[in-house]
Structures are given as C-alpha cells and as structure tokens.
Engineer: 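For reference, the structure I am asking about is given below.
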Amino acid sequence: MREFFDAATGFPAFAFTSALVVVLVFWLLVMVGGAEADGFDADVDLHPAGLGGVPVTVAVSLAVVAGWFSALTGSVLIGRAGLTGLAHAAADVVLLLVSLLFAWQGARGLVRPLAKLFPDEPGPSRQDFIGSVCTIRTGRVDAGFGQAEVAARDGAVAVVQVRQEPRARESALTAGSSALLYAYDDAGEFFWVAPYAASLDPGHPRADHG
C-alpha cells in the first residue's frame, strides 16, 4: 500500500493525481446539482483532438483517469527496477510523456463507444433567427458592415453579421438600436436588418394611459 501511495504522490503521477482529485470533486458537484456535466461544451471543442461526441467534462475525465493509471503503474515499475540518479529522472520524464500519450489515446478509445450515448443535438440554424429582434453592437450598420446580438431559442446569445439596405431610406442603426432580422444572405453570410420599434412588439409592456 505504501508503494502505491508513494507512486501516486511522486513525479510524474502526482500531476495526474491532482487532476483526478479535481475531476472527482467536479462529479460530486454534478451529483448534488452544484454543476452541470455539459457546462463547458460551449467553450471548448475537442473534435480536432478526436475527443468529440461526448461532453467535454466526460472526455477530460477519461483522459485524466487513463493518464493517472499509466503514470501510477509506470512509477511502481520504475521503483521496483531500482533505478537511481539520472537514470531514474530520465525514466520519470519518459513516463510522463508516455502517460500523456496514453491519456489521449485511452480517452479516444473510450469516447467512441460512449458517443452513442450522447446523440448530437442540432444547434440553432441561421434561418431560425429570421424574424427575431436583435440589438446592434457596432457604431453603424450599412451595406458592408455591422454586427448585432440575437438570442437563440435556448437562451444563448449569438453575435451575427448584419447589413442594412441603403436604398430603403430607413433610419440609421447605431449601437444599442433594436433591429429586425428579416432575411439571410447565404453568399455573404449575413442578415439583412431593418429598424424595429420595441413598442410595436405584442409582448412589449406598454404604459397605461389615463
């Protein structure tokens, strides 16, 4: 038992042991409702690393466990080999690199079958934003420039490119203005917008007139 404890708290396994503690605390918080398992999915994309298809927290947890197991096993074997000095230090460095590789490859191998348990949910389509009211975030909007924020159905806020038709002779749109997304240009990848009066929205609260 002492042998495994020393290995888990020594280099290089200690790095993975620390990460494993963080992972365990996180999943305990998920179990008691203090965190969401997919809370980091919008911030990190692991598909380029071959770890997509499952929540980011699941992929990272698998990598940490695989790396910890590799580093712990390797540390025990190095200790039993009786290496000392530079030979021991070199073996530890090699083990660290091998453990990182094993963490990645191990997680990739486990993610593939688990991905079937997490079917992809289609994100909001750009066409879904047509008819939505947005808020202009640039100082001006014209036929070649403009950005705005619009809320998706799930409550997430997206920043989109917007343009205003100059021939429409509408009032100028500036930062903070409300505008209506009324069409999408596939070639230019932007929305056409028109000024929008919030008071015309049926859901907009109106003041009572006496």
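We use all heavy atoms of the structure for the numbers below, so side chains are in, but hydrogens, waters and symmetry mates are not.
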Engineer: Compare all side-chain heavy atoms of T73 with those of L77 and state whether any distance is below 4.5 angstrom.
Structural biologist: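 Yes, their side chains come closer than 4.5 Å.
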
Engineer: Give the intermediate values and the outcome of side-chain contact (heavy atoms from CB on, under 4.5 Å) for residues V133 and V150.
Structural biologist: CA-CA 7 Å; V133 177; V150 59; over 6 Å; no

Engineer: For W104, which residues count as a side chain to side chain donor-acceptor pair (under 3.5 Å) partner, sequence neighbours excluded?
Structural biologist: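 Partners of W104 by the side chain to side chain donor-acceptor pair (under 3.5 Å) criterion come out as none, since no residue qualifies.
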
Engineer: With heavy-atom distances below 4.5 Å as the criterion, would you say the side chains of D142 and P166 are in contact?
Structural biologist: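 When only atoms from C-beta onward are counted, P166 and D142 do not touch, as no gap falls below 4.5 Å.
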
Engineer: To the closest 0.5 Å, what do you measure between CZ (R137) and OG1 (T174)?
Structural biologist: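 Result: 11.0 Å between the selected atoms.
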
Engineer: Less than 4.5 Å apart, side chain to side chain, heavy atoms only: is that true for T9 and F5?
Structural biologist: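 Yes; the side chains approach each other to less than 4.5 Å.
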
Engineer: Does S171 offer a backbone N or O that forms a donor-acceptor pair with the side chain of Q164 under 3.5 Å?
Structural biologist: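 The answer is yes, because a donor-acceptor pair under 3.5 Å joins these two groups.
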
Engineer: In the single-linkage hydrophobic clustering (I, L, V, M, F, W, Y; side-chain heavy atoms under 4.5 Å), do V23 and F26 co-cluster?
Structural biologist: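 Same cluster: V23 reaches F26 through Ile, Leu, Val, Met, Phe, Trp or Tyr contacts under 4.5 Å.
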
Engineer: If Ile, Leu, Val, Met, Phe, Trp and Tyr residues are connected whenever their side-chain heavy atoms lie under 4.5 Å apart, and connections chain through other members, are F4 and V65 in the same group?
Structural biologist: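 F4 clusters together with V65.
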
Engineer: Is any side-chain heavy atom of L72 closer than 4.5 Å to a side-chain heavy atom of F16?
Structural biologist: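 No, their side chains stay 4.5 Å or more apart.
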
Engineer: With a 4.5 Å limit on heavy-atom distance, are the side chains of Y184 and E189 in contact?
Structural biologist: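 Yes. Closest side-chain heavy atoms under 4.5 Å.
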
Engineer: Hey, does Y182 have a side-chain heavy atom less than 4.5 Å from the side chain of I130?
Structural biologist: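 No, too far: nothing below the 4.5 Å cut-off.
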
Engineer: Determine whether D186 and Q127 satisfy the following criterion, side-chain contact (heavy atoms from CB on, under 4.5 Å), listing intermediate values before the conclusion.
Structural biologist: CA-CA 10 Å; D186 290 312; Q127 298 296 328; 4.1 Å; yes

Engineer: Where the side chain of T138 meets the backbone of G146, is there a donor-acceptor pair that is under 3.5 Å apart?
Structural biologist: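 Here the side-chain-to-backbone pair does not exist.
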
Engineer: Are E3 and R80 side-chain neighbours, meaning at least one heavy-atom pair lies under 4.5 Å?
Structural biologist: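 In short, these two side chains touch, coming nearer than 4.5 Å.
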
